[in-house]
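Small disclaimer: the values here were computed from a predicted structure and weren't measured. Because only heavy atoms are used, hydrogens play no part in the values below, and waters and symmetry mates are left out as well, while side chains stay in.
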Amino acid sequence: MHIAEGFLPPAHAIGWTVAAAPFVVHGARAVVKEVRENPESTLLLGAAGAFTFVLSAIKLPSVTGSSSHPTGTGLGAVLFRPPVMALLGTIVLLFQALLLAHGGLTTLGANAFSMAVVGPWAGYAAYRLTRRLGGGLLGGVFAGMAVADLATYVTTALQLAWAHPDAESGFVGAAVKFLGVFAVTQVPLAIGEGLLGVLLFRVLTVNARPELERLGVLRPQPAPEPESAAVLREQPPAVVREQPRDGGAR
């Protein structure tokens, strides 16, 4: 879903850059705050960025001027909240544009708005809603990662339709065409990304539980009960013999 270099008119390229900039600046502040307050989470923060880079670099041919691929932004949104992903996602897109010719510098703002802003926020909302409705952690992770992917694809399709409306049916007709072509590859990718997120979180729950508890993803486990208290609780209550009221005199 990276829009290729030069595929947007200059006014659209500038407009999307202006629209994405406040979220990226806010994301930079969120990352600095996270590192200062929880320096031990730096490793997990870097892993979330690397996960986004690897997944979003796996691209499939799609609409001319764009591509289909997983996004990986749902993972960071669930772990660190959406503002953090605005910066991490933009850095990923910048490196991919410079090193892989995936996307472009003139379209960086549009790609950042769809993949680093809209995707993480939509995915995080789906994650919270699913958990509130009783879907559990893994159900929330699946929904969060799948919706982050789909929201990115919908935003990209609308961006392309706005920049290149259909000659006869205008914006609506172009949007239907872009959404339809993207859906062939993007819907299966979103489902696969959700399943991958479930597998990944099962691993993290076992190997990085303290970090997940500190980030608020998991509830802290209750402290183990002292052995002495457990022994006392397991002992049967002492039998108290009732004394005769006359002191036993007959």
Between S169 (side chain) and D166 (backbone), is there a donor-acceptor pair under 3.5 Å? no
Please answer: with hydrophobic residues joined when any side-chain heavy atoms are less than 4.5 Å apart, are L179 and L8 in the same cluster? yes
Student check: side-chain heavy atoms of L100 and F53 closer than 4.5 Å: yes
Do V217 and L79 come close enough that some side-chain heavy atom pair is under 4.5 Å? yes
Heavy-atom neighbours of F142 CZ exceed 12 at 6.0 Å: yes
Group every Ile, Leu, Val, Met, Phe, Trp and Tyr by side-chain heavy-atom contacts under 4.5 Å, then state whether V35 and L44 land in the same group. yes
I'd like to know whether the aromatic ring centres of H164 and F178 sit less than 6.0 Å apart in this structure. no
Whether Q159 side chain and A110 backbone form a donor-acceptor pair below 3.5 Å: yes
Please report the interatomic distance CG(N111) to CG(L94), rounded to the nearest 0.5 Å. 11.5 Å
Rounded distance (nearest 0.5 Å) linking atom OG1 of T52 with atom CD1 of I91: 11.0 Å
Answer yes or no: is there a side-chain heavy-atom contact under 4.5 Å between V203 and L199? no
Determine the minimum heavy-atom distance between A77 and P120, stating which atoms define it. CB-O, 3.7 Å
Backbone N or O of I3 within a donor-acceptor pair of the T107 side chain at under 3.5 Å? yes
Contact between V141 and L137 at the side-chain level, heavy atoms closer than 4.5 Å - yes or no? yes
Got a second to check how far K33's NZ is from R36's CZ, nearest 0.5 Å? 11.0 Å
Test side-chain contact (heavy atoms from CB on, under 4.5 Å) on F80 and L88; report intermediate values, then the result. CA-CA 11 Å; F80 296 101; L88 294 185; 5.8 Å; no
Donor-acceptor contacts under 3.5 Å from residues 189-198 side chains, at least two apart:
{"from": "E193", "atom 1": "OE1", "to": "T71", "atom 2": "N", "distance (Å)": "3.0"}
{"from": "E193", "atom 1": "OE2", "to": "T71", "atom 2": "OG1", "distance (Å)": "3.3"}
{"from": "E193", "atom 1": "OE2", "to": "G72", "atom 2": "N", "distance (Å)": "2.6"}

Is any side-chain heavy atom of L108 less than 4.5 Å from a side-chain heavy atom of T17? no
Taken to the nearest 0.5 Å, the spacing of F7 CZ from H2 NE2 works out to 15.5 Å
Once rounded to the nearest 0.5 Å, what's the spacing between atom CZ of F51 and atom OG1 of T73? 9.5 Å
Any donor-acceptor N/O pair, Q186 side chain to H69 backbone, under 3.5 Å: yes
Decide if atom CZ of R202 counts as having more than 12 heavy atoms of other residues, nucleotides or ligands within a radius under 6.0 Å. no
Parallel, tilted or perpendicular: rings of W162 and H12 (30°, 60°): perpendicular
Rounding to 0.5 Å, atoms CG (L75) and CE (M145) come to a distance of 5.5 Å
Shortest non-hydrogen contact from A183 to P188? O-CD, 3.8 Å
What heavy-atom pair brings V84 and A30 nearest, and what distance separates the two atoms? CG2-CB, 4.0 Å
Could you check whether any side-chain heavy atom of E211 comes within less than 4.5 Å of a side-chain heavy atom of R214, counting everything from C-beta outward? yes
Using the rule that two of Ile, Leu, Val, Met, Phe, Trp, Tyr join whenever any of their side-chain heavy atoms come within less than 4.5 Å, decide whether L93 and L98 are in one cluster. yes
Let me check something: do V117 and V147 share a hydrophobic cluster, defined by ILVMFWY side-chain heavy atoms less than 4.5 Å apart, either directly or through other members? no
Do you know which two heavy atoms are closest between D149 and P70, and how far apart they sit? OD2-CA, 3.5 Å
Got a sec: does the CD of E40 have more than 12 other heavy atoms crowding it under 6.0 Å? yes
For Y124 and P82 the tightest heavy-atom approach is CB-CG, 3.5 Å
What about V187 and I58, same hydrophobic cluster or not, with Ile/Leu/Val/Met/Phe/Trp/Tyr joined at side-chain heavy-atom distances under 4.5 Å? no
For G103 and A97, the nearest pair of non-hydrogen atoms, with its separation, is C-CB, 4.4 Å
Side chain proximity check, V154 to F182, heavy atoms < 4.5 angstrom: no
